[in-house]
Amino acid sequence: MNSNNNTAISGSEDLVMLRDISKHYKSGEEEVRALDCVSLSIKKGEFLSILGPSGSGKSTLMNMLGCLDTPTMGEYYLDSKDVSALSSHQLAGIRNKSIGFVFQSFNLLEYASALENVALPLVYRGVKSAERKKKAAALLERVGLGDRMNHKPNQLSGGQKQRVAIARALVNDPQIILADEPTGALDSKSGADIEALFNELHQEGRTLIIVTHDNALAQRTKRIINIKDGKIIADERLA
Amino acid sequence: MLLPMRQIFQEMAAEKVRLSLTILAVAWATLCIATMLAAGEGLRQGLIRSSENGNGKLIYLTGGYATINSGNFYTGKELQIKSEDLDVIKALPSVKHAQASAIWDERASYKDHRTWQNPLAVFPGYQALTGLKIVPGGRWFNPLDIKEQRKVIILGESAAISLFNESDDFDWINTPKLEVDPVGKKVKVGSEEFTVIGLIKRSSANIEQGIPLNESLFVPFTTWKRFHQNSAISAINIEPIASADRIQVAKTVKQVIARKYGASIEDDQLVQVQDMLLRQKTMRQFLIGLQSFLGIIGLVTLGVAGIGIANVMYATVKRATKDIGVRMAIGATPTTIRLHYLTQSLFTMSLGGMLGLSLTYLLIVLMQTLPLTGNGLYDQLGQPKPELSLPIVGLVIFALGFVGILAAWFPANRAAGITPLEALQSE
């Protein structure tokens, strides 16, 4: 175990580097410290999990890492670029090109087909229609949904929806894939399939960060960052 | 920047009922605004048409009453203009043409039928000056009519109808048709018998101070003179040269006549001058005002439809908040989100607008097929037909775009202002 209170920083080859990141909210009269001076570094190609109970700050940390939220204090370097003070337009560009999200509740657009859902990030990147379709179709084939491309989310099972979401996360070939409780809404068989898919992605050298409260899932990653009360309490690398 | 157009339409399709009702509201508003503008345009063009003929381009001069004691004139004395005054006016370099007219003081009759107007005595040049046309089979005055002081008469169509039709009951809605060919028939002016030599083609033009050409009847000026030796003429119609300052021409004419009669040139009331063209311009300005008023009424209706769109857009944004979060998470910028909803609004406006303009076009085609020719009021207004002209279509499209953007602006900004995190956490 490698635990040094709130700090888990390594060298300059880091893909992600958080330095003293804090996020404070006002809840009535009280100030809530969702993240409290968190420092963390993640290298390219790592497969890690952020583990913690409900209210520990793991989702806030994921939102910071995914540029969905901005810190109250501290610095966030993504691929050596300080993203903690970027505008909402610039952050949208980062999310589009560098980060792929996989949510617990899939977050697919209900009226769009699997193919359209996967192709959507490419629309915002300005990729032409034919190329979008080609790329999205190839990814759906890859996640085993080649025969479900024109199905709407309500015509797919939970596991299939999550695979569509993973294909969408991969479509812009991002630097990081952020998964928030990716198997939380799935049955054990579908969950195992998704885990296998994550392992495949890791084998390809992709950087995967899984946010979970499920210790068993976290144990199947290569590094576990334990978080509690907005602080990193442990950073454990597994064999 | 690219927008997921297919998904914009899919999202709209998810609100089918509300969207259809909004499109109908926009179509109705478009129909209102386009029809009102087209009707106003038709009315304006009709009145322009009717005022371009007849006296529309002339300066009309009559005698007035002195208000300044000067020479032979004392306050209240009437100026009676004579046919010789015409020569003085014609000599002015800024005057292109001038024609005298005199009113025969008795009406024309045929059996027990009488005309509404008294005959007007004019020279042959009056036709070119007023642009009136004669129905084939008849003719206008010729030099021999003038030279021989012939007792010949030319009738406007309504004057002919009142003389020769069996029933002369007046009807604004259904104008009767002339039942006989009046050419060659004998009518009486006072006790004198005149032969009808021509019928004036139906027109919405007015002559003199505003007599409808259709109601008019003309006799040769010299014939009138034969029976009214020393009488004053009623007016002089003047056409200035194209480059002339019409206000200055009117002023000069007044001064020349006043000087000729030894009256004060400062007396503003002695010679009455009306510039029909300037009066027409005032009328046109009024008609543009009327058209604008009709357009504003239409725009208010469109504004109400715009409120409907804003309402639908707010509902859409609220319903799709989580989707907005998903889009933002995968790379949509606030501007993209804003454009997403502005596009939806403009598309709704386009559908409603196209439907409304198509309905307006059909309505106008239908109105143009109504058999109104011959109707007195319709003819008097210059046979106005609603006109869906390109400027009107352009104006309607601009109004639709403006209201569409305005209606979607606040909901779209609300959508663009949501942070991705807030949107993703919404239910």
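Residue numbering restarts at 1 for every chain, and letters A, B, ... go by the order of the sequence lines.
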B:A13, B:A329, B:P420: which one forms the most heavy-atom pairs within less than 4.5 Å of chain A? B:A329

So among A:R125, A:R206, A:K97, which one has a salt bridge (charged side-chain N to carboxylate O under 4.0 Å, His left out) with A:D173? A:R206

Under 4.5 Å heavy-atom distance to chain B, tell me which part of [X] shows up: side chain, backbone, both or neither.
| X | result |
| --- | --- |
| A:N63 | side chain |
| A:S129 | neither |
| A:Y111 | both |

Name the member of A:L68, A:V171, A:D69 that forms the most heavy-atom pairs with chain B at distances under 4.5 Å. A:L68

Comparing A:G100, A:A92, A:A119 against chain B, the one with the most heavy-atom pairs below 4.5 Å turns out to be A:A92

Give a yes-or-no answer on whether the side chains of B:Q45 and B:E387 include a donor-acceptor pair shorter than 3.5 Å. no

For atom NE2 of A:H202, is the number of surrounding heavy atoms from other residues, nucleotides or ligands below 6.0 Å larger than 12? yes

Greater than 12 external heavy atoms within 6.0 Å of B:L390's CG: no

Test ring pair (Phe, Tyr, Trp, His ring centres under 6.0 Å) applied to B:F9 and B:F347, step by step: CA-CA 9 Å; B:F9 300 143; B:F347 187 69; 4.5 Å; yes

